[in-house]
Amino acid sequence: MRTYISAKDYRSLLTLINQLYTLPDQETIIRAVIEELGKLVPFSSAIFIAMEASGLFRPDGHFSVAIPPKALSEFTNHYAAVHPFTLTGWIRHTNESARITDFVPAYRLQDTEYGRDFLPLTPCFYELGVIMGAQGDHVGAFCLHRQKMDRDFSDREVQILNYLVPHMARAINCLQLLERLNAGGFSSETGVVRMLVDGGVTMNEAARKISLEHLDRVIPNRFTESGASILESPKGRYRIQTTSSNQGSERILLFEPLPFTETLFQRLCRWDFTDRQAEIVLKVIRGASNREIAVALSVSEQTVKEHLRNIFEKVKVRRRSELISRILSDS
């Protein structure tokens, strides 16, 4: 059942949303959200963890409030894979806020590996989190916490975050695209169209070759508002993304050829691996031994062997070399 927020809440959100699109960088956006959101949804601690477009957590770009550095390090290195959000598959959805107690009742939380081994390192117990995405890319994970002595997050507070997150994700994604464009992070085959506020339009050579008169063939994403639109052109298929200059003097359209260069993570997504299995496969491909994997994941070597046995059975291979060959050559 949908929960509606008050007109006062909505006005506060609109003020914050309008502000987001004017801020100059990701950290400033996160700071503004945490400061203003705390007036609507009180919390004891908060964290934003940046993500690669493919969905992997980035080693940089973290921002937290009242989270001990040791707890943050332990979470990203060991415990993200056993968080209830991850184990239930919810982490694969974007812009859908959820409470940890939506998946594990509060009275059972301390019986889980996450609750038993990780939560004692932190001042938090209740959690309200979301995976943010925009234009087909992951942006980051954002989570608010409360201590065990506090109450859980309400339906109203979940809905407030649901209203805010798509705009927060979009604002950060636009900055990331502009940064990538300015750093030369797109291939030479990517079309770039710049539309100036005075009506002028410029485009690179790749854009001229795309036949942009076929923009009526744009296929919108059918599943989520965080998805990207696709252009079907005589020259091929292109993912369309938009951003703007820092000063807002121009609107920029990006036409990136499909298929994209496939990341290893995207290859793993085609197999029915659990998140822990995918993590182990990545380490195997990178040459880690069972002992090294066990140390990295804070588990026993026997646990690693059991995971590998299940992985081999799933991929229909008998040894590590066959697993690596199968994953890397899979198409």
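To the nearest 0.5 Å, the span separating CZ on Arg146 from OG on Ser45 amounts to 11.0 Å. Atom CG of residue Leu144 and atom CD of residue Glu127 lie 10.0 Å apart, to the nearest 0.5 angstrom. Note that CD of Glu27 is 12.5 Å distant from CG of Leu175, once rounded to the nearest 0.5 Å. In this structure, Asp9 CG and Lys39 NZ are separated by 13.5 Å, a value rounded to the nearest 0.5 Å. Of the inter-residue distances, the one linking Leu178 atom CG with Leu254 atom CG reads 9.0 Å to the nearest 0.5 angstrom.
The shortest side-chain heavy-atom distance between Ile160 and Leu37 falls under the 4.5 Å cut-off. Annotation: side chain of Tyr21 is in contact with side chain of His167 (closest heavy-atom distance under 4.5 Å). For the pair Phe118 and Glu113, the minimum side-chain heavy-atom distance is 4.5 Å or more. Side-chain contact between Leu128 and Phe43: absent, with no pair of heavy atoms (C-beta onward) separated by less than 4.5 Å. The side-chain heavy atoms of Val192 and Ile252, taken from C-beta on, include a pair separated by under 4.5 Å. Contact check for Ile34 versus Phe63: side-chain heavy atoms found under the 4.5 Å cut-off. Annotation: side chain of His62 is not in contact with side chain of Ile30 (no heavy-atom distance under 4.5 Å). Looking only at side-chain heavy atoms (C-beta outward), Gln110 and Leu119 stay at 4.5 Å or farther from each other.
Closest heavy-atom contact between Gly133 and Thr94: N-CB, 3.9 Å. Residues Ala81 and Glu279 come closest through the heavy atom pair CB-OE1, 3.2 Å. The two residues Asp152 and Glu157 make their nearest non-hydrogen contact at O-OE1, 4.4 Å.
Using a distance-only test at 3.5 Å, with no hydrogens or angles considered, no donor-acceptor pair links the side chain of Trp271 to the main chain of Ile311. Remark: side-chain polar atoms of Arg208 are paired, donor with acceptor, to backbone N or O of Met203 under 3.5 angstrom. Checked by atom type and distance alone, the side chain of Ser44 pairs as donor or acceptor with a backbone atom of His145 at under 3.5 Å. For Asn95 (side chain) and Ala134 (main-chain N/O), no donor-acceptor pair under 3.5 Å exists by modelled atom type. In terms of modelled atom types and a separation under 3.5 Å, the side chain of Thr112 and the main chain of Arg108 share no donor-acceptor contact.
Within the structure, salt bridge (charged side-chain N to carboxylate O under 4.0 Å, His left out) contacts touching residues 162-182 (residues at least two apart or in different chains) are Arg180-Glu256.
Taking the six-membered ring for Trp and thresholds of 30 and 60 degrees, Tyr163 and Tyr10 have ring planes more than 60 degrees apart, a perpendicular arrangement. Between His83 and Tyr114, the ring-plane angle classifies as tilted under the 30° and 60° cut-offs.
Arg31 has no carboxylate O lying under 4.0 Å from a charged side-chain N of Asp25, or vice versa, which leaves the two without a salt bridge.
Between Tyr126 and Phe153, the gap from one ring centroid to the other reaches at least 6.0 Å.
Of the N and O atoms on the side chains of Gln241 and Asp137, at least one donor lies less than 3.5 Å from an acceptor on the other residue.
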